[in-house]
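Contents: one structure, followed by commentary.
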Amino acid sequence: MAGESTFDIVSKVDRQEVDNALNQAAKEVANRFDFKGTGASIRWSGDDVAMEASGEERVKAIWDVFQGKLVKRGVSLKAVHATDPKLSGKTWHMTASMQNGIAQDGAKQIVKLIKDEGPKSVRASIQGDELRVSSKSRDDLQAVQHLVRDADLDFAVQFVNYR
């Protein structure tokens with residue numbers, strides 16, 4: 001073997017896939033009969049997705065449509081967090097934000113999981129909002145990927161920069 005192999009564990013959302021899901025949801029909301037006359041809309045608001053309608057149930061229905069489109073586009077729902085519907089004037093509003101990066105608590109949780117249950121030759125280190133996992137054995141790295149993938153985490157994870 002010629003050295004050490006590594007990969008990074010990250011939590012990022014593909015912005016283009018979210019944009020495609022948003023456009024599909026907006027088209028469905030505009031065309032569906034049950035949304036006619038309710039002022040229903042879904043759009044980007046900075047880095048978040050804003051949903052609004054004239055009733056609380058309608059804005060929740062928009063959120064359901066958007067979730068369905070995200071799932072079809074392969075975006076994990078663990079990476080999207082929505083607020084509760086709020087009444088502002090005569091319209092109900094909801095926002096959904098995308099998670100980018102692993103929080104410090106989540107990173108520590110993954111490191112502890114790897115140390116406790118992973119192969120002994122594997123080292124994990126926190127680097128900002130991502131983790132670097134390294135080992136001399138590529139088989140051990142793949143075992144760690146399966147371990148993390150099978151763990152019940154509160155956030156979505158992806159594996160990148162496999163070297």
Side-chain angles (χ1 to χ4, degrees), residues 6-111 113-114 124 126-133 141-163:
T6 64
F7 69 88
D8 295 334
I9 301 175
V10 298
S11 181
K12 293 190 170 134
V13 174
D14 185 355
R15 172 79 181 211
Q16 186 61 51
E17 290 297 335
V18 174
D19 191 45
N20 291 340
L22 177 80
N23 291 334
Q24 289 175 345
K27 195 177 291 185
E28 183 171 328
V29 166
N31 291 329
R32 264 182 43 181
F33 179 75
D34 57 334
F35 288 119
K36 297 283 186 214
T38 62
S41 70
I42 181 169
R43 60 184 163 68
W44 283 110
S45 175
D47 287 337
D48 297 338
V49 174
M51 297 162 273
E52 59 184 45
S54 61
E56 181 179 5
E57 293 306 314
R58 290 296 93 208
V59 79
K60 286 181 180 178
I62 295 170
W63 171 236
D64 288 341
V65 168
F66 184 51
Q67 283 181 315
K69 300 301 181 188
L70 287 170
V71 168
K72 285 183 181 177
R73 309 255 355 142
V75 177
S76 173
L77 294 181
K78 289 182 176 181
V80 182
H81 305 285
T83 62
D84 291 330
K86 292 187 174 78
L87 182 62
S88 174
K90 292 183 178 181
T91 58
W92 287 84
H93 298 274
M94 262 181 96
T95 58
S97 59
M98 310 305 143
Q99 175 183 352
N100 280 317
I102 299 174
Q104 200 68 18
D105 293 339
K108 288 179 182 176
Q109 179 183 2
I110 294 174
V111 169
L113 176 73
I114 291 171
I126 300 172
Q127 297 182 340
D129 60 353
E130 58 186 44
L131 270 84
R132 167 83 32 100
V133 180
L141 290 179
Q142 289 177 346
V144 168
Q145 285 183 349
H146 288 291
L147 179 69
V148 172
R149 200 175 285 125
D150 293 341
D152 185 28
L153 301 172
D154 296 337
F155 50 91
V157 294
Q158 295 86 31
F159 306 105
V160 296
N161 298 334
Y162 192 82
R163 295 182 207 135

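Basis for what follows: all heavy atoms, side chains included, without hydrogens, waters or symmetry-related copies.
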Sidechain-backbone polar pair: K27 side chain, L22 backbone, donor-acceptor under 3.5 Å
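Absent.
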Salt bridge (charged side-chain N to carboxylate O under 4.0 Å, His left out) partners of D47, counting only residues at least two apart:
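Here the qualifying residues are R15.
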[X] [atom1] to [Y] [atom2] distance, which is reported to the nearest 0.5 Å:
| X | Y | atom1 | atom2 | result |
| --- | --- | --- | --- | --- |
| M98 | S11 | CE | OG | 12.0 Å |
| D129 | K12 | CG | NZ | 6.0 Å |
| R149 | Q142 | CZ | CD | 9.5 Å |
| M51 | R43 | CE | CZ | 10.5 Å |
| Q145 | I114 | CD | CD1 | 10.0 Å |

Per-pair distances, 0.1 Å, donor-acceptor, side chain in residues 62-73, under 3.5 Å, sequence neighbours excluded:
residue	atom	partner	partner atom	Å
K69	NZ	E28	OE1	3.0
R73	NE	E17	OE1	2.8
R73	NH2	E17	OE1	3.1

Measuring only between side-chain heavy atoms, which start at C-beta, is [X] closer than 4.5 Å to [Y]?
| X | Y | value |
| --- | --- | --- |
| V80 | V18 | no |
| V160 | F7 | no |
| R58 | D34 | yes |

Looking only at heavy atoms, which two atoms of L87 and K90 are closest? And how far apart?
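Nearest pair, atom of L87 first, then K90: CD1-C, 4.2 Å.
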Modelled atom types, side-chain donor and acceptor of H93 and T91, under 3.5 Å
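A donor-acceptor contact under 3.5 Å links the two side chains.
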Have Q24 and N20 got a donor and an acceptor in their side chains that come within less than 3.5 Å?
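Result is no, nothing qualifies.
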List for me each residue that meets side-chain contact (heavy atoms from CB on, under 4.5 Å) alongside S76, sequence neighbours excluded, and say none if there are none.
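Only K78, A156 meet the side-chain contact (heavy atoms from CB on, under 4.5 Å) criterion with S76.
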Can you list the residues that meet the side-chain contact (heavy atoms from CB on, under 4.5 Å) rule with L147, with sequence neighbours excluded?
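Checked L147 against side-chain contact (heavy atoms from CB on, under 4.5 Å); matches are L113, E117.
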Evaluation steps, side-chain contact (heavy atoms from CB on, under 4.5 Å), between W92 and K60
CA-CA 9 Å; W92 287 84; K60 286 181 180 178; over 6 Å; no
For residues 151-163, which residue pairs pass the side chain to side chain donor-acceptor pair (under 3.5 Å) check, not counting sequence neighbours?
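Sorted pair list: D8-N161.
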Yes or no on side-chain contact (heavy atoms from CB on, under 4.5 Å) for F159 and I9, after CA distance, side-chain angles and deciding distance?
CA-CA 5 Å; F159 306 105; I9 301 175; 3.8 Å; yes
Using a 6.0 Å cut-off, check whether atom NZ of K36 has over 12 heavy atoms from anything other than its own residue.
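Counting neighbours around NZ of K36, more than 12 heavy atoms of other residues, nucleotides or ligands fall under 6.0 Å, so yes.
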Pairs of donor and acceptor atoms involving the side chains of residues 101-109, under 3.5 Å and at least two apart or interchain, shall be tabulated with distances.
none

Pair V133, V148 - check side-chain contact (heavy atoms from CB on, under 4.5 Å), show working.
CA-CA 11 Å; V133 180; V148 172; over 6 Å; no
